[in-house]
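Quick note on labels: first sequence line is chain A, next is B, and so on, each numbered from 1.
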2 protein chains.
Amino acid sequence: MATARTGSGVDKRRVILDAAVVVFARRGFHACRVSDIADEAQVAYGLVYHYFRSKEEVLDTLFLERWNVLLEVISEIDGRDLPPREKLYAIGGFIMDSYRHDPDLMKVIIVEVTRAANTFGRTHLGKIREAYALIAEIVAKAQAEGSFKRKVTPQFAALAFYGAIEQVLTGWIFDQQPRAEAEVEQAKQFVVETICGGLDAAPASAATV
Amino acid sequence: MATARTGSGVDKRRVILDAAVVVFARRGFHACRVSDIADEAQVAYGLVYHYFRSKEEVLDTLFLERWNVLLEVISEIDGRDLPPREKLYAIGGFIMDSYRHDPDLMKVIIVEVTRAANTFGRTHLGKIREAYALIAEIVAKAQAEGSFKRKVTPQFAALAFYGAIEQVLTGWIFDQQPRAEAEVEQAKQFVVETICGGLDAAPASAATV
DNA sequence: TCCGAGATTGACTGATCAGTCAACCGTCGG
DNA sequence: CCGACGGTTGACTGATCAGTCAATCTCGGA
């Protein structure tokens with residue numbers, strides 16, 4: 001199970017996973033063939049089936065690997081002693097930085113899993129919603145301590161926050177261009193500013209409820 | 001081209017389109033077969049190819065039909081003499097009502113087109129971005145007249161607004177349950193409240209910048 | 001009544017691919 | 001030096017489906 005490596009010192013399982021990211025990102029999960037993955041990995045077709053039971057298991061593995069990291073990071077950020085607005089900034093920042101560092105992987109996760117309601121999205125619904133729940137938890141605490149209004153449920157706020165982030169990433173994915181550091185930084189600020197600060201010039205109401 | 005109907009009085013092209021919505025929503029575009037569409041429409045396999053050049057053209061047709069309606073509605077709403085916040089409410093409301101009235105069609109449009117970066121999303125990028133641009137226009141005008149802050153670009157505000165809506169719909173799509181009127185109404189208000197009012201209890205800053 | 005155009009049918013073709021499997025290879029312990 | 005075992009190979013199989021097409025039907029006009 002763990003890191004099989006022959007004399008050559010190369011973990012072929014890892015090579016296959018990395019190749020799959022490239023191929024899934026380029027052509028999409030459905031449009032690409034298992035032989036594309038094997039070719040990209042410079043490995044024989046059959047080897048993919050030595051390490052994975054199916055093409056789907058390759059995607060599942062990629063998604064879970066990364067999503068678990070995300071869940072841990074969110075929990076860790078939640079644990080910090082920070083104002084809620086900065087917690088959200090840190091979470092949004094982490095996700096957008098992830099895209100900057102590995103656009104292919106994030107593209108695959110978003111396009112093929114997170115937004116694929118008929119296939120993998122449904123399979124991993126539980127995992128995906130864990131992230132929403134964690135974010136909602138942050139909002140709920142902020143409301144309890146009075147730094148966020150109570151006009152909207154924490155669950156909804158989490159949805160809107162994450163939705164805005166994914167929409168930004170989707171825009172980048174469609175564009176296909178590598179993102180400049182400054183653009184990513186601005187997006188991070190814009191997300192928090194929009195969700196926390198709102199668009200209205202005049203505060204809608206001074207009341208906390 | 002226009003509404004071919006035989007003595008029976010039934011427009012088979014329409015029947016096929018409606019059947020496709022059901023089938024695409026149930027199994028997804030890639031997973032379903034053309035014969036599923038024909039079966040659902042109670043029509044011979046070949047008839048699908050009499051009216052459409054390919055399976056893809058069926059989806060394209062469904063998307064364009066509905067998206068053009070959306071674009072017209074947004075333009076119409078923009079033309080009304082309403083505060084920007086209410087314009088956004090009307091737009092979000094229209095989209096969410098569309099889901100309530102025809103969840104299958106909206107599911108297909110969102111899952112198979114709007115969020116499919118590798119396939120149809122790319123094909124229809126232009127159309128999709130027209131919607132963003134129209135919304136951004138509303139925000140820009142609101143900023144110019146001083147009712148919205150200038151902290152965020154109109155383009156970004158449009159992205160966040162639409163992203164929040166789509167995320168709500170995606171949640172509904174995953175849930176698979178029909179939505180109650182009250183729930184839809186609350187979602188409309190929550191979207192506008194979050195995007196326009198923001199989560200912060202205290203106004204971030206009084207200055208309009 | 002007869003004819004032709006368009007609507008409708010569904011068997012068939014050609015291509016594509018996921019997944020299998022039997023053989024091969026390299027390494028390591030004995 | 002040998003045997004065995006896990007890693008590695010890639011040709012092959014079986015199934016699936018999009019799209020084609022020639023035959024059949026229906027109906028309105030002459």
Suppose the criterion is salt bridge (charged side-chain N to carboxylate O under 4.0 Å, His left out): which pairs have a residue in [range], not counting sequence neighbours?
{"range": "residues 109-120 of chain A", "value": "A:Arg115-A:Glu166"}
{"range": "residues 119-135 of chain A", "value": "A:Arg129-B:Asp175"}
{"range": "residues 28-38 of chain B", "value": "B:Arg27-B:Asp36, B:Arg33-B:Asp36"}

Could I get the full list of salt bridge (charged side-chain N to carboxylate O under 4.0 Å, His left out) partners for [X], not counting sequence neighbours?
{"X": "B:Asp60", "answer": "none"}
{"X": "A:Glu72", "answer": "none"}
{"X": "A:Glu145", "answer": "none"}

Provide, to the nearest angstrom, the distance between the [atom1] atom belonging to [X] and the [atom2] atom belonging to [N].
{"X": "A:Arg53", "N": "C:dT20", "atom1": "CZ", "atom2": "P", "value": "11 Å"}
{"X": "A:Asp11", "N": "D:dT8", "atom1": "CG", "atom2": "C1'", "value": "14 Å"}
{"X": "A:Tyr49", "N": "C:dT20", "atom1": "OH", "atom2": "C1'", "value": "10 Å"}

Which pairs with one or both residues in residues 164-191 of chain A pass ring-ring contact (aromatic ring centres under 6.0 Å, His included), sequence neighbours excluded?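 Pairs touching residues 164-191 of chain A that pass the test: A:Tyr99-A:Trp172, A:Phe190-B:Phe156.
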Contact list please: residues 114-123 of chain B against DNA chain C, heavy atoms, distance less than 4.0 Å, in numerical order.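 None, since no heavy atom is under 4.0 Å.
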How would you list, by chain and number, every residue that makes a ring-ring contact (aromatic ring centres under 6.0 Å, His included) with B:Tyr89, sequence neighbours excluded?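 So B:Tyr89 forms no ring-ring contact (aromatic ring centres under 6.0 Å, His included) with any residue.
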Regarding A:Glu57 and A:Tyr49, do their side chains bring together a donor and an acceptor under 3.5 Å, going by distance alone?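 Their side chains do not contain a donor-acceptor pair, so the 3.5 Å distance test is not met.
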Regarding A:Lys149 and B:Asp200, does a basic nitrogen lie under 4.0 Å from an acidic carboxylate oxygen?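 The answer is no: the pair does not qualify as a salt bridge.
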Atom pairs under 3.5 Å, N or O on each side, protein against nucleotides 9-11 of chain D: can you list them with distances?
residue: D:dT9; atom: OP2; partner: A:Ala44; partner atom: N; Å: 2.9
residue: D:dG10; atom: N7; partner: A:Gly46; partner atom: N; Å: 3.1

Centroid-centroid under 6.0 Å between B:Tyr132 and B:Tyr162 rings: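 For B:Tyr132 and B:Tyr162, the ring centres are under 6.0 Å apart.
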Using a cut-off of strictly less than 4.0 Å between a heavy atom of the residue and any atom of DNA chain D, enumerate the qualifying residues of residues 15-40 of chain A by number.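 None, since no heavy atom is under 4.0 Å.
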Dot-bracket for DNA chain D, 5' to 3', counting Watson-Crick or G-U wobble pairs under 3.5 Å, with [ ] for crossing pairs and | for inter-strand pairs? ||||||||||||||||||||||||||||||
Is it true that a side-chain atom of B:His101 and a backbone atom of B:Asp97 form a donor plus acceptor pair closer than 3.5 Å?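 Side chain of B:His101 to backbone of B:Asp97: a pair is present.
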For A:Ala180, does its backbone N or O pair with a side-chain atom of A:Glu185 as donor and acceptor, under 3.5 Å?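 No; zero donor-acceptor contacts below 3.5 Å.
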